[in-house]
Amino acid sequence: RYLAEAANANNFIVIGVDWIGFASDDIPFVAGLLSSGELSRFRAVPERQTQGIVNFMLAIRMMRGAFSLDEAVDMGEGSVVKADESYYIGASQGGIFGGTLMSVFTDVTRGVLAVPGQPYQLLLSRSVNFDAYSPLLRTTIADGPAIHIALSYVQLLWDRSDPGSYTSHIQNDLFPATPAHRVLMLAAIGDQQVTTLGAHTMARAVGASLLGPAVRPVWGLEEVSAPFDGSALLEFDYGNTEPTTNIPPREGEDPHGALNDRPDALNAAARFLRSGLIENPCEGTCNPD
């Protein structure tokens with residue numbers, strides 16, 4: 001609903017494809033390898049995720065090409081699809097793997113990554129979503145420290161698709177024949193599903209700035225004022241606290257999806273996509289007051 005409303009308000013056409021490798025069809029395979037302890041089989045997951053990245057790129061190429069010329073999208077005054085204008089917006093998994101996608105996109109140069117983070121080795125143990133998968137690992141790996149060793153091993157396989165291997169190439173050190181990109185990252189303090197530590201890691205890898213006035217300093221990020229031409233992280237404070245240990249936050253209401261109910265944030269994201277300038281949608285710091 002929120003994406004449809006934002007698209008209607010800003011005159012966008014929204015398309016999407018499954019994140020193959022982390023889609024619903026992949027759940028039985030992932031659950032099976034975790035419960036069996038055969039973690040070497042995890043190599044198939046990043047292979048499928050790479051295919052998911054390619055599918056996103058081809059979907060945009062299709063929209064800019066043959067689909068834009070189809071008579072079904074000609075409303076009498078030409079095609080409603082602007083073949084020379086395409087952007088990316090993704091949240092949660094779309095914000096995470098959007099980091100990988102935005103480093104290799106050739107037809108899209110601006111993207112919004114909502115509640116993102118990297119790498120997965122950091123995100124998993126700090127996410128309430130891992131509650132569903134941790135017991136599967138513990139069927140064959142009972143010791144707590146061994147769980148983290150296992151996740152470190154899995155990360156070595158995951159590096160082939162994980163944004164941690166890609167985001168440093170989004171706007172600097174570009175891949176061959178790939179344009180420079182700009183991203184706006186939106187994070188919510190106390191996010192129970194994707195820790196903001198992961199968003200900070202991603203922002204530093206990108207070479208992004210911290211959009212001010214910031215609700216808190218972020219190590220390694222220079223605070224800049226809006227409007228800003230570049231890549232930036234904007235944090236929202238809903239009054240939640242974050243653990244100082246390697247566990248997910250569980251107190252209070254999860255702000256992970258709170259930005260969906262903020263038309264000001266979505267409209268600011270839309271303006272960035274069209275103009276390239278990042279504005280602060282808040283009056284002062286983005287906090288509950």
Side-chain angles (χ1 to χ4, degrees), residues 17-59 90-105 113 115-170 173 175-176 178 191-195 197-202 204-206 243 245-248 256:
V17 296
D18 283 341
W19 278 112
I20 289 180
F22 249 12
S24 56
D25 290 346
D26 296 288
I27 293 176
F29 175 77
V30 173
L33 72 87
L34 291 178
S35 59
S36 69
E38 299 175 293
L39 298 184
S40 62
R41 294 168 56 204
F42 191 85
R43 65 170 64 92
V45 174
E47 288 175 357
R48 281 180 55 80
Q49 288 172 342
T50 299
Q51 183 63 55
I53 295 293
V54 172
N55 289 356
F56 263 92
M57 298 175 70
L58 291 179
S92 197
Q93 291 283 22
I96 296 168
F97 276 108
T100 300
L101 179 59
M102 285 304 300
S103 72
V104 297
F105 241 146
L113 309 178
V115 287
Q118 68 178 61
Y120 260 102
Q121 182 183 356
L122 169 66
L123 304 182
L124 289 179
S125 57
R126 295 174 180 266
S127 174
V128 295
N129 295 331
F130 196 54
D131 291 349
Y133 295 95
S134 179
L136 298 178
L137 264 178
R138 291 183 182 277
T139 59
T140 55
I141 306 174
D143 181 60
I147 293 289
H148 291 281
I149 294 174
L151 292 179
S152 298
Y153 166 73
V154 167
Q155 184 64 52
L156 293 175
L157 301 175
W158 219 332
D159 284 343
R160 295 168 61 188
S161 63
D162 189 283
S165 299
Y166 289 84
T167 50
S168 62
H169 305 284
I170 284 180
D173 190 21
F175 287 121
T178 305
D191 191 322
Q192 297 179 9
Q193 299 180 52
V194 183
T195 174
L197 288 178
H200 298 170
T201 301
M202 179 178 284
R204 286 190 290 267
V206 170
T245 54
N246 194 40
I247 59 174
H256 182 72

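Here the structure is a predicted model, which is why all the values come from computation and not from measurement.
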Has [X] got a side-chain atom pairing as donor or acceptor with [Y]'s backbone, closer than 3.5 angstrom?
X    : Y    : result
S127 : L124 : no
Y166 : R160 : yes
D26  : G21  : yes
T178 : P176 : yes
R41  : S36  : no
S35  : L136 : no

Nearest non-hydrogen partners of [X] and [Y], listed with the distance:
X    : Y    : value
H169 : F175 : CD2-CZ, 3.3 Å
V17  : A59  : CG1-CB, 4.0 Å
D191 : Q193 : OD1-N, 2.8 Å

Do [X] and [Y] touch side chain to side chain, with heavy atoms closer than 4.5 Å?
X    : Y    : value
F29  : V45  : yes
I96  : P163 : yes
M202 : P116 : yes
Q155 : L151 : no
I149 : I141 : no
N246 : H148 : yes
L101 : M57  : yes
L137 : L39  : yes

Hey, could you give me the [atom1]/[atom2] distance between [X] and [Y], rounded to the nearest 0.5 Å?
X    : Y    : atom1 : atom2 : answer
L122 : T195 : CG    : OG1   : 6.0 Å
I147 : S134 : CD1   : OG    : 5.5 Å
F42  : L33  : CZ    : CG    : 7.0 Å
N55  : R48  : CG    : CZ    : 9.5 Å
R43  : L156 : CZ    : CG    : 12.0 Å
E47  : S161 : CD    : OG    : 9.5 Å

Using the side chain to side chain contact (heavy atoms under 4.5 Å, CB included) rule, take Q49 and I20 through it: C-alpha gap first, then chi angles, then the decisive distance, then the call. CA-CA 5 Å; Q49 288 172 342; I20 289 180; over 6 Å; no

Verify whether the ring centers belonging to F97 and W158 lie closer than 6.0 Å.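 Aromatic pair excluded; centres sit 6.0 Å or further apart.
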
Less than 6.0 Å separating the ring centroids of Y120 and F22? yes

Side chains of S92 and H256: donor-acceptor distance under 3.5 Å anywhere?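 Yes.
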
Does a side chain donor of either Q118 or T167 reach within less than 3.5 Å of an acceptor in the other side chain?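 Yes, side-chain donor-acceptor contact under 3.5 Å.
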
